K.L.:
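Pasting a structure here, questions to come.
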Amino acid sequence: MPEGPEIRRAADRLAAAVAGQPLLRAQFAFPALKRFERLLPGSRILSITPRGKALLTAFDNGWTLYTHNQLYGVWHVAGPDERPATSRSLRVALETRRASILLYSASNVELWRSDAIETHPFLQRLGPDVLEATLEAATVAARLRSPAFRGRALGALLLDQGFLAGMGNYLRAEVLFDAGLHPGLRPRDLDDAQTTRLAEALLAIPRRSYATRGIAPTRRMRADYLAREGEAFRFRVFQREGAPCERCGTPIARIASQSRPLFLCPRCQPARW
DNA sequence: CTTTAAACCTGCTGGC
DNA sequence: TGCCAGCAGGTTTAAA
């Protein structure tokens, strides 16, 4: 569940299951964290909140769990003493009387003093979270025009968590298509109308993904996921190479940008105009 | 300054 | 069917 919308949906599920609950048992598959299996139980889980693609689980004894799923981490909610049938490796288990939350496969797991969590090197560098409800298009537009960002190619900028936290590779492609912009363009190449349109897409597309059900963790799981969850975020260019553009019928192209696949409509997203 | 490439973490996919 | 290289929705680091 890699990008901002999927992480935030996971946070919602986890918080609904265990926020406010006293911790009965903790398990960590990392030697450096073993001591917390004794230290954390007895405290209460205060909150589970996303920061871009990272997740912070705060306990009322002054500790905060930092997790980042990278490409492959996945959270499960299970009943007490229950473990899902999966071949993945269990990395974190937090058990309460009501439910357990289980993190599989992730390698990025740390415990921080809550009063120092803001000094975490990853969190410290994050820009505003693109899914934060208070973030406005005018703020994003101003950010696009700022000296720090106006000279960067959009393809790279839209993956930079220091620009907007929570963006990711599928969102980048969908935002650029929505705004009708080529990834090689820079904010300083855009006129006011284009800047505004891009700023609005940068908020609207992630919010739409979050409001629908985001996307399935893997392609294989997609069919099952859709059957279970109902409507999902619909890609217009991502992973649609060769399919006709819904606006103009031109086949969607696949290029590489930042060593990552990027899908676009060559006609709707021209490099020059 | 910005961009690029490689490395790391782990699991899935596609091809043989 | 089984195996394995390469790829993936991420991020950091070093080098260009």
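Numbers restart at 1 for each chain; the letters A, B, ... are given by sequence-line order, proteins then strands. Keep in mind it's a predicted model, so treat the numbers as computed, not measured.
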K.L.:
Given C/dG10, B/dT2, C/dA8, identify the nucleotide with an atom nearest to the side chain of A/R254.
P.N.:
C/dA8

K.L.:
Tell me which nucleotide among B/dT4, C/dT11, B/dG11 gets nearest to the side chain of A/Q258.
P.N.:
B/dT4

K.L.:
Counting heavy atoms from C-beta on, name the nucleotide in B/dC12, B/dA5, C/dA8 closest to the side chain of A/S87.
P.N.:
B/dC12

K.L.:
May I ask you to verify if any side-chain N or O of A/R125 is less than 4.0 angstrom from the OP1 or OP2 atom of C/dT12?
P.N.:
yes

K.L.:
Among the candidates B/dG11, C/dT11, B/dT3, find the nucleotide nearest to the side-chain atoms of A/A153.
P.N.:
B/dT3

K.L.:
May I have the step-by-step check of salt bridge (Lys or Arg N to Asp or Glu O under 4.0 Å) for A/D160 and A/R152, ending in yes or no?
P.N.:
CA-CA 10 Å; A/D160 185 346; A/R152 307 265 311 273; 3.1 Å; yes

K.L.:
Just compare C/dG9, B/dC12, B/dT10 and give me whichever is closest to any side-chain atom of A/N169.
P.N.:
C/dG9

K.L.:
Can you tell which of B/dT10, C/dG9, C/dT12 lies closest to the side chain of A/P261?
P.N.:
C/dG9

K.L.:
Of the options B/dT2, C/dT11, B/dT10, whose atoms approach the side-chain atoms of A/S89 most closely?
P.N.:
B/dT10

K.L.:
Does A/R98 CZ have over 12 foreign heavy atoms under 6.0 Å away?
P.N.:
no

K.L.:
Got a sec: does the CD of A/E246 have more than 12 other heavy atoms crowding it under 6.0 Å?
P.N.:
yes

K.L.:
Going by the rule side chain to side chain donor-acceptor pair (under 3.5 Å), which residues pair with A/S47 if we only count those two or more places apart in sequence or in a different chain?
P.N.:
none

K.L.:
Taking atom C1' in both C/dG6 and B/dA6, what distance in whole Å separates the two?
P.N.:
15 Å

